[in-house]
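Only one structure is covered here, and it is reproduced in the block below.
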Amino acid sequence: MDTSQIIKLFIWKCLQDALPTILKLGIKENCVFCQQKEESTFHLFFDCDYAKAIWNLQPVPVQGVFSDHNSNNISFFDIYNVWMTGEVNSISMALEATKCWFIWKERCLRVFENKERTPDQLALVISKHYEYWHPVTQNITSTHGRTTTDTQDTWKFPITRTLKINCDASWLSSKTDASIGFILLNWTGTFKGAGTAKCRTSSAEEAEALALLHTTEWVITEELQNLVIEGDNKATINYLLGQDTTISWQSKAILEEVKKKATQLISFGGFQLVNRRGNKTADLLVKKGRKEAIIILNFYEAPLFLIPTIAYDISKALELCNISITPVSFSVDFYHTDSAIRRITLNESVPNETESAD
């Protein structure tokens, strides 16, 4: 299932019937949404009118998909088996799991914070979250009544004599620190720098906007030229590109500052939207930054945990560009100024494996 680890863990708890629903806790109260039936796992996600409204709304509405089930004789595990067979029309397992996850979050919001959102409001939140995790070009084709999505990898090999800087953010909640960061590579694929910082924001979108601002400010401080800035958040990047998008006023204020500062950049190639898989190295960096007790840290040599991903990105870029290379054994020194990949892309000779390098 291609989704976040927290949703995967949540689905595992559902399958184990380990969610602390009212019925599970033995409390004689009805569902927090409809106030009519006891709150079992099945009722909460599939039988309650609130849940049915969520399934019938975007993204990818699936009307009446569970209407034939008898809630007295079916469990979450049974529904999961239906997902596995691919019999739920026009919806992926990742989206099914995401909708369940946000229904649970809404339930907890009402129980613990006495707040609530309408089905339309929650559907908008689900759409934004799913779009963040799956920012792909969707070519919809029906196969046996089930929609499939073709993912196009939008990672682009940097233009000669330019720099490419990827930024990202890792956010869990408004009550915990988020991590924002960037990674810089030159046109040969050689690592040139990276950095992370901690911040506290009200949403993942706001954290993404701050990542773009932090990156732009760092570029100005380092006086870098001839570069592009890439990110995988569709809403924020599209706003910077002047396209129609719906974002919060907090994010809009930050992105307006990004636009203002970007005018100071010299030979700037602009902001570009990339597939989440094409932004994997920056994603790994910010997740590491969020978990570690680090406030601000700049790297000028590639951190060891990033090296395998950087190596894969470089080999993939060369493959996309149809550049034939002699197999080279990669090491930590691979990322220094005299890296093998640099010699290859500049058409310089590569030492044979039996010869020692200078």
**Prompt:** Would you find a donor on one side and an acceptor on the other, under 3.5 Å apart, between the side chain of Ser179 and the backbone of Val286?
**Reply:** yes

**Prompt:** Passes side-chain contact (heavy atoms from CB on, under 4.5 Å), Cys14 versus Phe45? Steps please.
**Reply:** CA-CA 10 Å; Cys14 291; Phe45 295 120; 4.0 Å; yes

**Message:** Check for me, please, whether Tyr239 and Leu265 land in the same ILVMFWY cluster - side-chain distances under 4.5 Å, paths through other members count.
**Reply:** yes

**Asked** Would you find a donor on one side and an acceptor on the other, under 3.5 Å apart, between the side chain of Glu206 and the backbone of Ser202?
**Response** yes

**Message:** Looking at Lys192 and Ile165, would you say the former's side chain and the latter's main chain have a donor-acceptor pair under 3.5 Å?
**Reply:** no

**Prompt:** Does Arg110 pair with Glu106 as a salt bridge, N-O distance under 4.0 Å?
**Reply:** yes

**Request:** For the residue pair Ile237 and Thr245, establish whether any side-chain heavy-atom pair is separated by less than 4.5 Å.
**Result:** no

**Message:** Taking the side chain as everything from C-beta on, heavy atoms only, tell me whether Trp55 gets closer than 4.5 Å to Cys100.
**Reply:** yes

**Asked** Considering only heavy atoms from C-beta outward, does the side chain of Asn30 approach that of Gln36 to under 4.5 Å?
**Response** no

**Fill in**
Between Thr98 and Ala94 the two heavy atoms that sit nearest each other are OG1-O, 2.7 Å

**Fill in**
Distance col, row Arg290:CZ vs Ile180:CD1, nearest 0.5 angstrom, shows 14.0 Å

**Asked** In the hydrophobic cluster built from side-chain contacts under 4.5 Å, what are the other members alongside Trp12?
**Response** Leu9

**Item:** Pairwise side-chain contact, Leu212 with Asn233, heavy-atom cut-off 4.5 Å (strictly under)
**Value:** no

**Message:** Any non-hydrogen side-chain atom of Lys164 less than 4.5 Å from a side-chain atom of Ile229?
**Reply:** no

**Asked** Where do Asp47 and Lys37 come nearest, in terms of heavy atoms and distance?
**Response** OD2-NZ, 3.2 Å

**Asked** For the atom pair CD1 (Ile266) and CG (Leu227), what is the distance rounded to the nearest 0.5 Å?
**Response** 10.5 Å

**Item:** Single-linkage hydrophobic cluster Leu122~Val111, side-chain heavy atoms < 4.5 angstrom
**Value:** yes

**Request:** Give the C-alpha distance, both sets of side-chain angles, the deciding distance and a yes or no for side-chain contact (heavy atoms from CB on, under 4.5 Å) between Cys199 and His214.
**Result:** CA-CA 11 Å; Cys199 63; His214 176 69; over 6 Å; no

**Request:** Please confirm whether Lys105 makes a cation-pi placement over Phe10, using NZ or CZ under 6.0 Å from the six-membered ring centre and within 45° of the ring normal.
**Result:** no

**Message:** Is there a path of hydrophobic side-chain contacts, each under 4.5 Å between heavy atoms, that joins Ile6 and Val125?
**Reply:** yes

**Request:** Please step through side-chain contact (heavy atoms from CB on, under 4.5 Å) for the pair Leu284 and Thr281, ending with a clear verdict.
**Result:** CA-CA 5 Å; Leu284 290 174; Thr281 312; 5.7 Å; no

**Arg200: side-chain contact (heavy atoms from CB on, under 4.5 Å) partners, not counting sequence neighbours** = Asp177

**Request:** Please name all residues satisfying side-chain contact (heavy atoms from CB on, under 4.5 Å) with Leu15, sequence neighbours left out, ordered by chain then number.
**Result:** Ile11, Phe76, Phe77, Tyr80

**Asked** Do Phe305 and Leu285 come within less than 4.5 Å of each other through their side chains, counting heavy atoms only?
**Response** yes

**Request:** Following the transitive rule for hydrophobic clusters with a side-chain heavy-atom cut-off under 4.5 Å over Ile, Leu, Val, Met, Phe, Trp and Tyr, establish whether Val32 and Leu19 coincide in one cluster.
**Result:** yes

**Fill in**
Taken to the nearest 0.5 Å, the spacing of Gln58 CD from Leu95 CG works out to 9.5 Å

**Asked** Quick check: are there more than 12 heavy atoms from other residues, nucleotides or ligands sitting under 6.0 Å from NZ of Lys259?
**Response** yes

**Heavy-atom pair of closest approach, residues Ala123 and Ile54** = N-CD1, 4.5 Å

**Asked** Is there a side-chain contact between Trp101 and Ile126 (heavy atoms, below 4.5 Å)?
**Response** no

**Asked** Mind checking what makes side-chain contact (heavy atoms from CB on, under 4.5 Å) contact with Lys261, not counting sequence neighbours?
**Response** Leu213, Thr216, Glu217, Ile220, Glu257, Gln264

**Message:** What's the separation between atom SG in Cys31 and atom CZ in Arg107, rounded to the nearest 0.5 Å?
**Reply:** 9.0 Å

**Asked** Would you call Phe191 and Leu185 a side-chain contact if the rule is heavy atoms closer than 4.5 Å?
**Response** yes

**Request:** Mind listing the closest non-hydrogen atom pair of Leu255 and Ala209 along with its distance?
**Result:** CD2-CB, 3.9 Å

**Complete:** side-chain hydrogen bond (donor to acceptor under 3.5 Å, both in side chains) filter on Thr201, not counting sequence neighbours, yields Trp171

**Request:** Could you list the residues that satisfy salt bridge (Lys or Arg N to Asp or Glu O under 4.0 Å) with Lys115, not counting sequence neighbours?
**Result:** Glu113

**Request:** For side-chain contact (heavy atoms from CB on, under 4.5 Å), just list the numbers for Phe33 and Asp49, CA-CA rounded to whole Å, side-chain angles, deciding distance to a tenth of an Å, and then say yes or no.
**Result:** CA-CA 8 Å; Phe33 292 128; Asp49 288 341; over 6 Å; no

**Message:** If hydrophobic clusters are built by linking Ile, Leu, Val, Met, Phe, Trp and Tyr wherever their side-chain heavy atoms come under 4.5 Å apart, do Phe112 and Leu44 end up in the same one?
**Reply:** yes

**Request:** Please answer whether the main-chain N or O of Cys167 pairs with a side-chain N or O of Asn279 as donor and acceptor at a distance below 3.5 Å.
**Result:** yes

**Prompt:** So, Glu223 side chain and Val219 main chain: donor-acceptor pair closer than 3.5 Å or not?
**Reply:** no

**Request:** Taking all non-hydrogen atoms of both residues into account, name the closest pair between Glu230 and Asn166 and its distance.
**Result:** OE1-ND2, 3.1 Å

**Prompt:** In Å, rounded to the nearest 0.5 Å, how long is the span from OG1 of Thr246 to CG of Asn238?
**Reply:** 11.0 Å

**Prompt:** With distance as the sole criterion, is a donor-acceptor pair present between the side chains of Glu205 and Ser251 under 3.5 Å?
**Reply:** yes

**Asked** Looking at OG1 of Thr176 and NZ of Lys198, how far apart are the two atoms once the value is rounded to the nearest 0.5 Å?
**Response** 9.5 Å

**Asked** If you take all heavy atoms of Ala211 and Asp168, which pair is closest and at what distance?
**Response** CB-O, 3.3 Å

**Request:** Take the angle between the ring planes of Phe268 and Phe271 and call it parallel below 30°, perpendicular above 60°, tilted in between.
**Result:** perpendicular

